[in-house]
Number of protein chains: 2
Amino acid sequence: MYSIGDLSRRTGVKVPTIRYYEQMGLLEAPERSEGNQRRFAKAELERLAFIRHARDLGLTINSIRQLIDLSGHADRPCADADRIAKEQLASVRERIAKLQKLEEELERIATCCTGETVGDCYVIRALSDHSLCGHEH
Amino acid sequence: MYSIGDLSRRTGVKVPTIRYYEQMGLLEAPERSEGNQRRFAKAELERLAFIRHARDLGLTINSIRQLIDLSGHADRPCADADRIAKEQLASVRERIAKLQKLEEELERIATCCTGETVGDCYVIRALSDHSLCGHEH
DNA sequence: CCTAATTGCTCTAGTGACTAGAGGTTCAAG
DNA sequence: CTTGAACCTCTAGTCACTAGAGCAATTAGG
């Protein structure tokens with residue numbers, strides 16, 4: 001039996017966040033001590049590690065809830081789990097592509113500033129004048 | 001003089017978002033018609049385009065406010081503007097690096113699922129068992 | 001000039017995934 | 001038995017919007 005603090009130390013998930021996950025239905029309401037404090041079993045530790053991992057991978061609370069529901073039915077086809085992972089992958093790739101465009105543009109903006117005062121600062125001019133951009137966005 | 005809808009159409013910023021920016025102090029409170037509707041001058045159109053551009057580049061409202069304050073003092077050294085742009089560039093690069101790690105891992109997870117049912121689904125096992133990961137995170 | 005459709009107004013509340021704080025209770029070590 | 005850390009619940013705040021209610025003003029057509 002782990003206290004909420006134990007769980008937090010073992011998974012790296014902060015204490016209020018664990019309570020939040022419980023509230024959101026990702027963790028089931030655990031047993032309580034006589035004094036009403038949470039006491040978690042090993043299964044809950046593992047589930048929290050799962051949640052942590054999935055969050056690190058950028059899955060939303062909702063996606064994680066779906067996966068947890070899924071994993072409760074070991075007999076179902078895993079196409080859904082596969083789909084969630086693939087969707088996540090697609091969204092990550094999209095975000096990367098978008099950020100790389102920004103990187104390019106910021107690079108140009110941030111390295112070309114030769115002015116001495118704000119009046120002729122390239123950063124501010126570039127932000128004001130879209131036409132200085134390398135490409136559309 | 002532009003109505004809020006004109007401004008919205010010209011900049012691509014939604015009407016409620018324009019009001020939100022005003023509330024946040026990014027746009028100054030504009031003149032009003034006799035019937036209390038906002039009437040924007042050209043300067044405000046330009047400022048909104050600036051804001052839009054900066055938001056597209058991922059700058060926070062706070063950073064944008066700083067840049068706007070800065071641009072009001074054309075005589076100041078532009079080191080601050082430069083710093084904001086560089087910080088933004090660094091944060092974008094960080095985000096890209098992080099996402100690329102996720103991409104790698106999701107790729108592995110999403111493409112290796114050969115199981116037919118959730119019981120032996122690689123996606124769910126990989127999320128449960130951190131040790132299946134290619135690298136630390 | 002009148003009417004209807006569109007656009008505008010303010011205000012409140014909701015989103016996601018937490019985080020912070022108040023004000024109180026329980027637990028474990030010494 | 002005391003003390004201080006850890007725990008409890010509840011509310012509110014974060015960021016950058018978005019949605020909706022319930023009205024008022026504007027504009028285009030007839």
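In the text below, chain A, chain B and the rest are named by the order of the sequence lines, each starting its count at 1. All values reported here derive from a predicted model rather than from experimental measurement.
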Exercise. In terms of side-chain heavy atoms of Tyr20(A), which of dA17(C), dT7(C), dC8(D) is nearest?
Worked result: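 Nearest listed nucleotide: dA17(C).
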
Exercise. Looking at dC18(C), dT7(C), dC8(D), which one has an atom nearest to any side-chain atom of Ile4(A)?
Worked result: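 Of dC18(C), dT7(C), dC8(D), dC8(D) is nearest to the side chain of Ile4(A).
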
OP1 or OP2 of [N] versus the side-chain N and O atoms of [X]: is any pair under 4.0 Å?
X	N	answer
Arg38(A)	dA6(D)	no
Arg32(B)	dT10(C)	yes
Ser3(A)	dA6(D)	no
Ser33(A)	dT26(C)	no
Lys14(B)	dC17(D)	no
Tyr21(A)	dA17(C)	no
Thr17(A)	dT19(C)	yes

Problem set entry | 5' priority, DNA chain D, between Asn62(B) and Phe40(A) [closest heavy atom] |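 Nearer the 5' end of the strand: Phe40(A).
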
Roughly how many Å is it from [atom1] in [X] to [atom2] in [N], rounded to a whole number?
X	N	atom1	atom2	value
Gln23(A)	dT15(C)	CD	P	13 Å
Arg65(B)	dA16(D)	CZ	P	9 Å
Gln37(A)	dA5(D)	CD	C1'	11 Å
Ile64(B)	dC15(D)	CD1	P	13 Å
Ile51(A)	dG16(C)	CD1	P	17 Å
Leu7(A)	dA6(D)	CG	P	15 Å
Glu22(B)	dC17(D)	CD	P	15 Å
Asn36(A)	dG24(C)	CG	C1'	13 Å

Exercise. So which one's nearest nucleotide on DNA chain C is more toward 5', Arg39(A) or Pro16(A)?
Worked result: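 This one resolves to Pro16(A).
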
For this session: State whether Asp6(B) and Arg10(B) are salt-bridged, where the test is any N-O pair (Lys NZ or Arg NE/NH1/NH2 against Asp/Glu carboxylate O) under 4.0 Å.
Result: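 No salt bridge links Asp6(B) with Arg10(B).
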
Exercise. Quick one: CZ on Arg32(A) to CZ on Arg39(A), what's the gap to the nearest 0.5 Å?
Worked result: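 Here the interatomic distance stands at 10.0 Å.
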
Problem set entry | Gap between atom CZ of Arg83(B) and atom CD of Glu87(B) - 0.5 Å precision |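 Going from CD on Glu87(B) over to CZ on Arg83(B), the span is 5.0 Å.
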
Exercise. Do you reckon Leu48(A) sits in the same ILVMFWY cluster as Met1(A), going by side-chain contacts under 4.5 Å, direct or chained?
Worked result: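 No, it is not one cluster - the side chains of Leu48(A) and Met1(A) are not joined through contacts under 4.5 Å.
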
For this session: Name the nucleic acid region contacted by Arg19(B), choosing base, sugar-phosphate or nothing; use a 4.0 angstrom heavy-atom cut-off, strictly under.
Result: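 Contact class for Arg19(B): base.
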
For this session: Can you spot which of Glu22(B), Glu31(B), Glu44(B) makes a side chain to side chain donor-acceptor pair (under 3.5 Å) with Arg38(B)?
Result: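 Among the candidates, only Glu22(B) passes.
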
